[in-house]
Amino acid sequence: MALAYIILIVVLGVIALLGVGGLFLLRPTARRRFPQRETRAVPGQEADTRGGTAGTDTLERAREATLPPAVPTQEAPPAPPPAAPPAPPVAPPAPPVEKPPPSAGRMVRLRARLARSQSGFGSALLTLLSRDRLDDETWDEIEEVLITADVGVSPSRTIVEDLRTKVKVEGARTPEEVRQMLRTELLAQVETAASRVLRTQRHEGRPAVLMMVGVNGTGKTTTCGKLARALVGDGQSVLLGAADTFRAAAADQLQTWGQRVGAETVRSDREGADPASVAYEAVSQGIEAEVDAVLIDTAGRLHTKAGLMDELGKVKRVIEKRTAVDEVLLVLDATTGQNGLRQARVFAEVVNVSGIVLTKLDGTAKGGIVIAVQRELGVPVKLVGLGEGPDDLAPFDPATFVDAILGG
Ligand code: GDP
C-alpha cells in the first residue's frame, strides 16, 4: 500500500513537471508569431516582450534550432513601416528656351485662317452686289449683312450709301469691278489716320513700357506672352510684370510664357498683392536690367465695378512715377460683339487706350468689329489674335484683312 502511495506521488510529480515544461515549450512559438514587432520594439518595451529568465532563453534557443522559421499570420499583420517624410515640392523643370520666329509677315501667314472665318460675310456681300438689279431691298440686305458682321449701324449705313453712289456713277459692273469697288470701300472704313506702329523700342536710358488691359478671359495674359515671344523673335530683350495678382494662375501662365523665350517675370509671391506695386517693381527691374521692353499684364475684373477700374488707373499712375507708359493696349475678344464695345468704352474712360488688340478673330465671322471698335474709341487695332498657338498674334494689316474678307 505504501508502495502504491509512493508510485502515485512519483506519477503526479512527473505529470506536474511535464505540465510546467509544456508551458515553457509553448511560449517561444507565440513570440515568433510577431517577429516584426520584436525587431521594431520601442526601447523600454523590449523587456516585456522577452519577459523571460535565463532558463526560458535556453529553452527558446533549443526550440529555435528545431522549429521552422515562423511566418507572420493574417490575424495580426506586421506594423506598417514608418511613413517617409514628405518629399519637398519639386519645381517643374523650366521649359527649354525657344527661338521664336520674327513678327514680320505674320498677318499674311495667318491670312488663310482669317479668310476661313471671315469670307462668309465677304462672299455674301459680293453675291448681293453682283445682282443685275440693285433695288432698295437688295441694299437693305447688304446693310443687314454688314450689321450682322458687327460693322456697326452707322458705319454700315455709310458703306451702303457710298456703294450706291458708286454703282449709280459707274453703271454696269463685271464681277471683278464689284469686288474692287467693295474692297476700296471696306479699306476706307478699316484704315485710320492714327499710326498702327506698336511702340516697343527702347528709349534713351529706359525700356518701352506696355500695359495690357481688358476684361477677364479676353486673352490679356496670352497676348502678353505671345507679344513677348514676338519681340524676342525680333531680337529684343523683354521683362514681364504679372500685375494680375488676383489669379495666381495668371502669374504662373505668364511666367511659363516668359520661360519659354528666356524672359524674366516679376510677380508677387502671394495672391491679392497690390497690383500697382508689382507693376512698379517690374518697371524698376526693367530699368535696372536695361531691357528693351517691359510688358505688364493687369487684372481684368468687370468694368461695372467702378473701384476696381480705378485700380487700373492707379497701376498706370504708379508706373508713371518711375517712367512713361508707351502703350496701353485694350484687349478685346472679337467674339463678344456689342458687349465688347461697351467694355471698350468704359476702359477708355479709365485709362488712355493707345491701341486695340482684337483676339479670337479666328473664332468669329464678325470681323466687322474692327471697323466698329476703331470708330468707337478713335484708336487703331494694332494687333490681332488668330489662334491659340504661340505665334498666332500678328500686327494688324488692313489690306490683308480686307482681302481675307473678300476671299482673295
Ligand atoms: P485673360 O483672362 O484676359 O488673361 O485671358 P487669357 O489670356 O487667359 O485667355 C483666355 C482664353 O482665350 C485662353 O484659353 C486663350 O488660349 C484664348 N485665346 C486668347 N487669344 C486667342 C486667340 O486669338 N484665338 C483663340 N482661338 N483663342 C485665344
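In each ligand, atom 1 is the first atom listed, and ligand 1 is the first ligand listed. Because only heavy atoms are used, hydrogens play no part in the values below, and waters and symmetry mates are left out as well, while side chains stay in.
- Nearest protein heavy-atom neighbour of atom 27 (N) of ligand 1: Glu388 CG, 3.2 Å.
- Atoms CZ and CD, from Arg247 and Gln253 in turn, are 6.0 Å apart once rounded to the nearest 0.5 Å.
- At least one heavy atom of Gly387 sits closer than 4.0 Å to an atom of ligand 1.
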(request) Run the numbers on Ser284 and Arg322 for side-chain hydrogen bond (donor to acceptor under 3.5 Å, both in side chains), then give the verdict. (result) CA-CA 7 Å; Ser284 303; Arg322 211 54 241 268; 3.1 Å; yes
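- Contact annotation for Leu386 and ligand 1: only backbone heavy atoms (N, CA, C, O) come within less than 4.0 Å of the ligand.
- Within the 4.0 Å heavy-atom criterion, neither part of Met212 lies near ligand 1.
- By the criterion of a heavy-atom distance under 4.0 Å, neither the backbone nor the side chain of Arg113 is placed next to ligand 1.
- With respect to atom 10 (C) of ligand 1, the closest heavy atom belonging to the protein is Gly217 O, 3.7 Å.
- Crowding of Glu176 atom CD: a count of heavy atoms from other residues, nucleotides or ligands under 6.0 Å exceeding 12.
- Counting only distance, with no hydrogens or angles, the side chain of Glu290 and the backbone of Arg206 share no donor-acceptor pair below 3.5 Å.
- In terms of the side chain to side chain donor-acceptor pair (under 3.5 Å) criterion, Thr223 has no residue partners (sequence neighbours excluded).
- Ion pair Arg131/Glu141 flagged as a salt bridge, since at least one NZ, NE, NH1 or NH2 atom sits closer than 4.0 Å to an Asp/Glu carboxylate oxygen.
- Under 4.0 angstrom from ligand 1, the non-hydrogen atoms of Val215 all belong to its backbone.
- An N or O contact shorter than 3.5 Å is missing between Thr223 and ligand 1 by distance.
- Asp392 has no carboxylate O lying under 4.0 Å from a charged side-chain N of Lys226, or vice versa, which leaves the two without a salt bridge.
- Which of Thr364, Asp362, Asp392, Thr222 comes nearest to atom 15 (C) of ligand 1 through a heavy atom is settled by distance: it is Thr222.
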